[in-house]
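Shown next, in structure tokens, is the structure this report addresses.
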There are 2 protein chains.
Amino acid sequence: MLNSQKKPQTRVEFALDYITKEIAQGNLRAGDKLPNEKDLAEQLGISRTPIREAMKTLAVAGLIDIRHGHGSYVREEKGAPALPLNLFQLYLQDSTPEMLMELRDIFDRNCSELAAQRRTDEDLARMRECIDRLKALTEQPDASLDDMLKADLDFHRAIYEATGNKLIMTVAEFVLNMVAPWVRKSLDVSGRVRAVDLHEQIYDAILKQEIGPQNRMSVDANMQHFMQSLDQE
Amino acid sequence: MLNSQKKPQTRVEFALDYITKEIAQGNLRAGDKLPNEKDLAEQLGISRTPIREAMKTLAVAGLIDIRHGHGSYVREEKGAPALPLNLFQLYLQDSTPEMLMELRDIFDRNCSELAAQRRTDEDLARMRECIDRLKALTEQPDASLDDMLKADLDFHRAIYEATGNKLIMTVAEFVLNMVAPWVRKSLDVSGRVRAVDLHEQIYDAILKQEIGPQNRMSVDANMQHFMQSLDQE
DNA sequence: GCCGGATACTCGTAAAACAAATGTCGCACG
DNA sequence: CGTGCGACATTTGTTTTACGAGTATCCGGC
């Protein structure tokens, strides 16, 4: 857990350490372009190989973006880990949709309470917009499922953002990425109407700052419908 | 979010895909040794470099362990991401201890409720053991802080495990790793006694299956003490 | 029987060269 | 003069070969 004694550092760790500190100390800011791999290698007195592995590590961790033929850049928002999709599959392989939704509920419930206490007008406006967007999509028959999914997820993101806790957003984004495929499935014709309803209720509660244990029933009800929709397949 | 169209796959992605599927399909199980990099490279018809980068990615994602001079192995429990410490610092650089504890609380509160409903006798025994261990360490003056930290974290892990939701454990472990340094700090002489008390209360509630919103006060009280202990420095 | 070094296996690093993607700049053509 | 296209420079992606550095095993001498 705490290892502040190790001296025999590997080259990759050395490079990782260097770049990490450059970012932490503000020498490299969000959006900045990192030196190219060749220069960095010479600068640190090591070869490109460990540099590249360090970069790859940072990219997977969601801290930088590597663009072929262009360069590497510090990410604007460190919120969204850049794990490849197939890696998520592995995390999910032993898990059921129930587990997933349970996990998301843990966030939604408590975050709604926090959001109710702290939400700004901008937060409310953002939520309102997401609901309206999803509602509009719901009413047009040829709407794209992906667009609806985005509207749905954006609403939840707005809640997390309203907590004012960036750390929560980081972890919540991770969870959102995992549940996304199932949320998408649940957005069938009856599910999408339900989703709008649920969002409206949550929004209303956050608006009136009435969120509390007693308001949880609607979320539970939605959970039940979600499970039923899965059984129908 | 959903990109099932891309064909021009990079070698690293190709290797990632291959290994991922090997694990997902059960050809490689937890604890198994992966082929060495040279063989894998020949087998896939690519060079060692992209193989190594794919491995590195899997290691950072917490799915395999790479041991110098030994080989690579599929992780027993995919729960603990293997992000280097200095990477965590970056995630934490904009966050305050308040944010961290708030995040952990989100898990502890809801997981305690779930645990109360589902805990088995083994779960209870595990929690009991962790409390006793921490208590014993508390009473001997020269106890190692690291040992106490582990006892503290293990108790929380036991709660997460009692939810029966492996996914929760995965994400919770991630959070635990982030809060660990602060928990460690909070384990000063007065804090460690408080920690035992809090754990006892939670255990008691889970034992009697009484966890609910009304039991949250003690957790909040602990939160307050935690913040105070930070101010004293 | 025990100890220690040779040995084989594996991951870690180095170096040089080429492939592929991307952006830029200038030239030719309309 | 404006536009489009193609050569070029830059940067990451990949290959190849070779060696360095941990780790475990086995075998022979004591």
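Computed from a predicted structure; not experimentally measured. Order of the sequence lines fixes the chain letters, A, B, ..., with proteins taken first and strands second; residue numbering starts at 1 for each chain.
Residues passing the salt bridge (charged side-chain N to carboxylate O under 4.0 Å, His left out) test with B:Lys38 are B:Glu42, sequence neighbours excluded. Listed by chain and number, the residues in a side-chain contact (heavy atoms from CB on, under 4.5 Å) with A:Ala15 are A:Leu44, A:Ile46, A:Ile51, A:Ala54 (sequence neighbours excluded). Applying the ring-ring contact (aromatic ring centres under 6.0 Å, His included) test to A:His70 and every residue at least two apart in sequence or in another chain returns A:Tyr73. The ring-ring contact (aromatic ring centres under 6.0 Å, His included) search around A:Phe107 returns B:Phe107, not counting sequence neighbours. In this view, A:Arg128 and A:Asp132, A:Glu200 satisfy the salt bridge (charged side-chain N to carboxylate O under 4.0 Å, His left out) rule, not counting sequence neighbours.
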- request: Scan nucleotides 4-17 of chain C nucleotide by nucleotide, 5' to 3', and note B when protein non-hydrogen atoms come under 4.0 Å of the base, S if they reach only the sugar-phosphate, - if neither.
  value: ------BBBBB--B

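As a whole-Å value, the separation of B:Phe14 CZ from D:dT14 C1' is 14 Å.
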